[in-house]
Participant: 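Dropping the structure in here first, questions after.
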Amino acid sequence: VGCQGRVISVEPEEENFRFLLKNIEINGFNNIIPVRAALSDFEGNGLLYLSARGSGEHSMLPRSQEKINVPVHTVDGLMRKLRMDSLDVMKIDVEGAEIQVLKGSNQMLREHRIRSIVVAAYHYPDECSEAINFLTAFDYRVVVDRCYLYAVLREEYSDLSRKKCL
């Protein structure tokens with residue numbers, strides 16, 4: 001992203017959020033906007049299910065008995081709150097709730113204000129096909145590589161395919 005770009009990093013769980021803040025501080029980053037919340041297809045409060053297998057596997061999907069209440073935003077709502085019009089890249093890896101995050105990006109997707117998207121789509125059997133169908137309905141071209149989806153607007157893809165080098 002370089003010095004001019006910004007990174008929005010969303011983390012709902014308190015300990016992981018502290019690690020994020022410490023990482024930002026240690027590395028001297030000044031272009032990262034940390035947000036302590038979850039992303040989904042609704043605004044308000046929701047349950048985050050805590051994984052006993054590790055802090056990287058907490059999920060908005062009911063996968064464990066232990067849960068905490070967390071603030072929840074849609075991507076559309078968070079971008080309005082941050083007064084950001086568009087995203088160059090959106091990466092989603094939210095332990096099985098990727099479709100909900102995409103649904104919460106509906107307006108930005110419909111208005112083509114997200115140029116490219118990376119989705120981890122390996123959490124349940126139909127996740128990959130659901131994400132492909134969702135994104136292609138918004139005119140994104142989708143490529144799958146080892147359980148990750150890479151989506152770019154069709155108009156951007158045709159521009160890229162005409163270039164000899166990147």
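For the single chain, residues carry numbers from 1 onward in sequence order.
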Participant: Treat each ILVMFWY residue as a node, draw an edge where side-chain heavy atoms are under 4.5 Å apart, and state whether Ile68 and Val72 are in one component.
Facilitator: yes
Participant: Could you tell me which residues satisfy side-chain contact (heavy atoms from CB on, under 4.5 Å) with Ser129, sequence neighbours excluded, listed by chain and number?
Facilitator: Asp126
Participant: After noting the C-alpha distance and the side-chain angles of Val94 and Leu39, does the key distance pass the side chain to side chain contact (heavy atoms under 4.5 Å, CB included) rule?
Facilitator: CA-CA 8 Å; Val94 292; Leu39 293 173; 5.6 Å; no
Participant: Do the side chains of Arg6 and Leu82 get nearer than 4.5 Å, heavy atoms only?
Facilitator: no
Participant: Could you state the interatomic distance from NZ (Lys103) to CG (Leu109), rounded to the nearest 0.5 Å?
Facilitator: 12.5 Å
Participant: Is there a side chain to side chain contact (heavy atoms under 4.5 Å, CB included) between Val119 and Val142 once you walk through the steps?
Facilitator: CA-CA 10 Å; Val119 181; Val142 180; over 6 Å; no
Participant: Are the side chain of Asp76 and the backbone N or O of Met108 linked by a donor-acceptor pair below 3.5 Å?
Facilitator: yes
Participant: Between His112 and Phe138 (side chain of the first, backbone of the second, donor and acceptor by atom type, cut-off under 3.5 Å), is there such a pair?
Facilitator: yes
Participant: Please answer whether the main-chain N or O of Leu153 pairs with a side-chain N or O of Arg141 as donor and acceptor at a distance below 3.5 Å.
Facilitator: no
Participant: Does the side chain to side chain contact (heavy atoms under 4.5 Å, CB included) test come out yes or no for Glu95 and His123, once each step is laid out?
Facilitator: CA-CA 6 Å; Glu95 301 307 310; His123 302 96; 3.7 Å; yes
Participant: Please give me the minimum heavy-atom distance between Glu11 and Phe17, naming the atom from each residue.
Facilitator: CG-N, 3.5 Å
Participant: Apply the test side chain to side chain contact (heavy atoms under 4.5 Å, CB included) to residues Met90 and Met79: give CA-CA distance (whole Å), side-chain angles for both, the deciding distance (0.1 Å), then the verdict.
Facilitator: CA-CA 12 Å; Met90 179 169 70; Met79 294 302 98; over 6 Å; no
Participant: Let me confirm one number: the CD1-OG distance from Ile92 to Ser105, rounded to the nearest 0.5 Å.
Facilitator: 5.5 Å
Participant: In Å and rounded to the nearest 0.5 Å, what is the CG to NZ distance from Leu50 to Lys67?
Facilitator: 10.0 Å
Participant: Less than 4.5 Å apart, any side-chain heavy atom of Arg18 and any of Glu14?
Facilitator: yes
Participant: With Asp139, which residues qualify under salt bridge (Lys or Arg N to Asp or Glu O under 4.0 Å), at least two apart?
Facilitator: Arg154
Participant: OH/Tyr148 to NZ/Lys91 distance, rounded to the nearest 0.5 angstrom?
Facilitator: 6.0 Å
Participant: Got a sec, which residues hit side chain to side chain donor-acceptor pair (under 3.5 Å) with Thr74, two or more places apart in sequence or on another chain?
Facilitator: Glu43
Participant: Which residues satisfy the side chain to side chain donor-acceptor pair (under 3.5 Å) test with Glu66, sequence neighbours excluded?
Facilitator: none
Participant: Please tell me if the side chains of Val101 and Ser40 come closer than 4.5 Å, counting only heavy atoms from C-beta onward.
Facilitator: no
Participant: Taking side chain to side chain donor-acceptor pair (under 3.5 Å) as the test, write out the residues that go with Asn27, two or more places apart.
Facilitator: Asn23
Participant: Test of understanding: with side chain to side chain donor-acceptor pair (under 3.5 Å), list the residues that count as partners of Gln100, not counting sequence neighbours.
Facilitator: none
